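Since we're looking at a predicted model, the values are computed, not measured. Starting from 1, each residue takes its place in the sequence as its number.
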Amino acid sequence: MGIHGNRSKRSFAGIYFAAALLFIPAPPTLPQDVAGVPVVHKRPTLGLVLEGGGALGLAHIGVIQWLEEHRIPVSYVAGTSMGGLVGGIYATGRSPAEVRDLVNTINWDEVLRGVTPFDKLSYRRKEDAYQYPTQLEFGLRKGLQFPGGFNSGQDVSFILDSVSLPYSEIENFNQLPIPFGCVATDLAKDKAHVFRDGSLSLALRSTMSLPGIFTPVRDGDHLYADGGLVDNLPVDVAKDMGADITLAVHLQTKPLDVNEPMSVFGVLGQSVSVVVAMNELRSMEMADLLIAVPLDKYSSLDYGAADAIIKAGYDAAQSKATMLSSLSVDEATWQGYLAERAARRKEPPVPKFVEVAGTDKRSAAGIEKAFDDQLNKPVNTVDVQNELLTIRGDGRYSSLDYQMVTKDGEQGLQINAEEKPYAPPIVRPLVLIDGSQYNNVLFSLGGRIKFLDLGGYGSEWRNDVIFGTEYGITSEYYRPLRPGGKWFVAPRLTATSEEFNGYTSDNSLAALYRERQAGGGADIGYEFGRSGELRLGYQAEYFSYSLEVGEKGLEPTVAGRQSFSRIKYQLLNVDDPVVPRTGQLANFRTQYFDANPGGSSKFFLTEGQFTNFTRIGELNSIFFSGGGGTTYGDNTVGVPVFTLGGSLYFPAWGTDEILTNQYSIGTAGYLRQLATLPPLIGDKLYFETRADVGQFKTVTNGMRVPADAAAALVVNTIFGPAVVGVAVGDSGHHRFYFGVGRVF
């Protein structure tokens with residue numbers, strides 16, 4: 001993707017005028033030599049050169065549309081980055097309308113975010129995304145290692161694989177309906193690489209692999225990144241392909257205002273921009289003809305302005321109509337050109353087999369089996385991509401792509417699986433900030449460390465580590481009873497220490513308690529597809545609840561053995577793990593305590609919550625939630641087992657202000673999407689308002705019926721969701737609150 005300064009002061013009038021004179025079409029009556037033999041004038045070939053520029057590159061579609069409407073044949077296409085993408089799609093024989101339709105189907109925000117849809121994740125990966133709501137991930141394979149980009153480029157690969165599939169086995173790009181070439185930067189060789197053959201999909205992925213955003217493309221001993229770094233307007237490539245005339249399309253952007261303040265990232269971006277501008281200037285000097293598209297109003301991320309940017313390209317070509325008219329051909333010649341181009345267009349062959357490369361034999365066999373229903377019929381790219389997303393949802397691969405191959409005289413579908421080069425183990429970080437109590441902000445950092453397929457296919461060793469206000473470690477080994485099966489066993493060990501607030505009767509923070517647990521347990525469970533899980537298990541541990549700071553006597557201080565058997569169910573059937581817009585969340589547990597410090601007898605506990613989200617239009621959603629918990633009577637159980645208060649339940653109350661053995665709560669809320677964030681910052685900004693009503697029972701005050709209302713801004717960043725809000729409730733409760741962590 002190119003980021004440019006404005007070079008509109010440079011005059012290319014001389015180039016335009018000379019070109020117009022040089023390439024006037026031959027007259028209808030051809031001159032003859034002295035022997036009376038006609039001299040045949042070959043129509044000059046035109047090489048269309050398309051510059052990189054992110055969303056600005058959509059202007060190329062408008063230029064191509066104008067050229068076709070005015071019967072100007074393109075013999076060669078060369079492009080870089082977005083110019084390579086648009087040019088490559090056009091080179092496969094698609095009309096400008098087809099190119100535009102394809103581009104319009106792309107959700108660029110999702111492409112640039114690169115997040116696997118939540119419904120495609122396996123259940124355990126859904127748990128990761130829900131409990132650790134961040135878009136970041138890194139590995140510890142050889143020390144601390146981060147991915148090569150914020151985005152593996154999976155969504156881009158799908159677009160390019162679909163476009164390139166019919167041409168998987170051509171010898172070189174001259175065999176495309178329009179011969180094509182594109183440029184990438186080979187980071188391993190420190191030079192430009194021109195793609196004229198090989199995999200078309202790999203070539204297109206490479207040319208638009210934006211450094212720092214998309215992971216570089218590995219191919220043997222090559223490592224490819226965006227070609228804009230070395231040749232953003234590849235006029236030289238079009239000339240080398242054989243073009244008699246080169247028509248370059250330059251994306252003209254707003255010049256730098258030296259009086260505007262610049263951040264560190266702004267300075268870095270402008271520095272890269274200067275490097276790109278220099279190679280563009282050299283290319284413009286080489287071009288025979290130039291169309292400069294004025295795009296001062298837009299940025300390289302303005303994909304939402306696609307229609308306006310395409311129109312700007314069309315208008316820019318129209319402004320050069322006099323210059324370009326010399327390249328127009330008559331109707332008969334034009335129809336012949338279209339027919340020749342259409343004859344070179346290919347359709348995907350029917351695969352007779354599926355093979356998988358890039359992973360172990362057991363994983364490959366599982367992937368191949370998933371594609372059995374794709375055999376002996378034309379490839380449905382939507383079905384293929386949905387299946388690959390489901391496979392990627394297991395968390396093993398950074399990306400998967402597909403192409404056609406020939407083996408033993410038969411054509412088949414090859415799936416290329418790229419395992420994460422920085423893992424195992426895989427680390428998903430966590431940042432928790434609870435500002436529900438302004439004079440006691442809780443802050444913790446942590447992470448989930450996972451080893452996949454440890455001790456058997458599908459097995460997993462998962463470790464949760466946290467330190468700060470809360471600290472500790474929980475380690476669980478998950479093992480299916482058979483590979484790919486739904487039944488599993490999961491032994492675990494845990495050692496945690498968590499801070500709790502103590503309050504006086506007038507709602508003031510008066511003490512800090514600490515709850516410590518150390519022990520272990522085991523579950524046997526069953527996964528319901530990719531959305532739910534049921535567990536039955538037993539846990540025994542040492543438990544203590546003691547005063548750290550403040551007044552004594554607010555809550556009991558106890559220590560001793562705690563043990564219980566339990567049944568637990570969780571449902572994660574929503575469209576997003578952080579701010580759901582549609583679907584259901586549910587949690588249910590029932591436990592039988594055979595020992596609990598401070599308790600006078602054995603007792604049962606049951607707790608459950610259910611939330612339903614309903615989308616109303618594109619921007620609005622409503623949600624309803626209900627839940628409660630009980631210990632079935634007035635049993636003395638020691639420290640109350642349920643805690644409420646804070647941003648999730650009754651936000652007008654302080655964190656853990658409500659300690660009870662019996663409660664119920666109902667919530668009604670409204671969400672409105674306010675803005676979409678740049679992909680490198682996060683997802684979206686929301687306004688949330690909600691009302692809670694319920695009841696709870698305390699030992700000293702009996703049954704109470706709290707109610708409150710809250711309004712907040714929620715921004716879903718790459719580091720996790722951040723919320724800032726205000727809440728008011730009964731009995732003088734009111735609170736400004738903020739936090740980073742779970743929202744629902």
Side-chain angles (χ1 to χ4, degrees), residues 107-113 115-121 123 125-135 303-304 389 393 529-532 570-588 608-627 646-652 665-679 681-694 707-729 737-744:
N107 186 325
W108 290 102
D109 289 333
E110 290 186 2
V111 167
L112 294 175
R113 283 184 67 216
V115 177
T116 304
F118 191 63
D119 67 313
K120 296 298 182 183
L121 298 181
Y123 176 76
R125 300 293 76 81
K126 284 184 176 180
E127 273 192 321
D128 293 344
Y130 181 65
Q131 296 170 1
Y132 287 72
T134 172
Q135 297 177 26
Y303 291 98
L389 278 177
R530 291 179 170 254
S531 296
Q570 181 168 257
L571 175 70
L572 298 174
N573 184 34
V574 288
D575 61 339
D576 187 271
V578 180
V579 185
R581 302 288 306 282
T582 185
Q584 300 81 36
L585 292 172
N587 284 281
F588 172 83
Q609 296 92 24
F610 178 82
T611 306
N612 184 77
F613 300 86
T614 303
R615 186 187 291 266
I616 302 175
E618 182 178 354
L619 302 178
N620 303 304
S621 296
I622 56 175
F623 60 92
F624 298 95
S625 179
S647 59
L648 291 180
Y649 304 106
F650 296 122
I665 183 173
T667 300
Y670 166 75
L671 276 168
R672 179 173 176 82
Q673 179 184 318
L674 300 179
T676 298
L677 304 180
I681 296 177
D683 185 14
K684 295 178 175 66
L685 171 67
Y686 298 92
F687 169 75
E688 178 202 5
T689 183
R690 55 185 286 183
D692 300 317
V693 64
D708 63 13
L713 291 176
V714 180
V715 56
N716 189 8
T717 75
I718 61 172
F719 302 102
V723 58
V724 177
V726 294
V728 294
Y737 63 94
F738 63 91
V740 175
R742 275 183 52 202
V743 180
F744 293 99

Looking at [atom1] of [X] and [atom2] of [Y], how far apart are the two atoms once the value is rounded to the nearest 0.5 Å?
X    : Y    : atom1 : atom2 : result
N716 : D576 : CG    : CG    : 6.0 Å
I665 : S625 : CD1   : OG    : 7.0 Å
L671 : R690 : CG    : CZ    : 10.5 Å
L648 : F744 : CG    : CZ    : 9.5 Å
N612 : F610 : CG    : CZ    : 5.0 Å
T717 : L677 : OG1   : CG    : 8.5 Å

So for atom CZ, which belongs to F719, do other residues, nucleotides or ligands contribute more than 12 heavy atoms lying within a distance under 6.0 Å?
no
Working for side chain to side chain donor-acceptor pair (under 3.5 Å), residues N573 and Q584:
CA-CA 5 Å; N573 184 34; Q584 300 81 36; 2.8 Å; yes
Output, in order, the C-alpha distance, side-chain angles, deciding distance and verdict of side chain to side chain donor-acceptor pair (under 3.5 Å) for N620 and Y670.
CA-CA 7 Å; N620 303 304; Y670 166 75; 2.7 Å; yes
What closest approach, in Å, do [X] and [Y] show between heavy atoms, and which atom pair accounts for it?
X    : Y    : result
P721 : G741 : CG-O, 2.6 Å
A652 : D708 : N-OD2, 3.1 Å
L572 : F118 : O-CE2, 4.0 Å
E688 : V743 : OE1-CG1, 4.4 Å
Y123 : G529 : CB-O, 4.4 Å
A710 : P651 : CB-CG, 3.7 Å

I would like to know whether F588 and L571 meet side chain to side chain contact (heavy atoms under 4.5 Å, CB included); could you show each step before the answer?
CA-CA 9 Å; F588 172 83; L571 175 70; over 6 Å; no
Looking at Y130, is its backbone amide N or carbonyl O close enough to the side chain of R742 to form a donor-acceptor pair, meaning the two atoms are under 3.5 Å apart?
no
Do side-chain atoms of T582 reach the backbone of T614 as a donor and acceptor pair under 3.5 angstrom?
no
Salt bridge (Lys or Arg N to Asp or Glu O under 4.0 Å) partner of D575, the single match among K126, R581, R615:
R615
Does any non-hydrogen side-chain atom of [Y] lie less than 4.5 Å from one of [X]?
X    : Y    : value
V579 : V714 : yes
F613 : S621 : no
Y303 : N107 : no

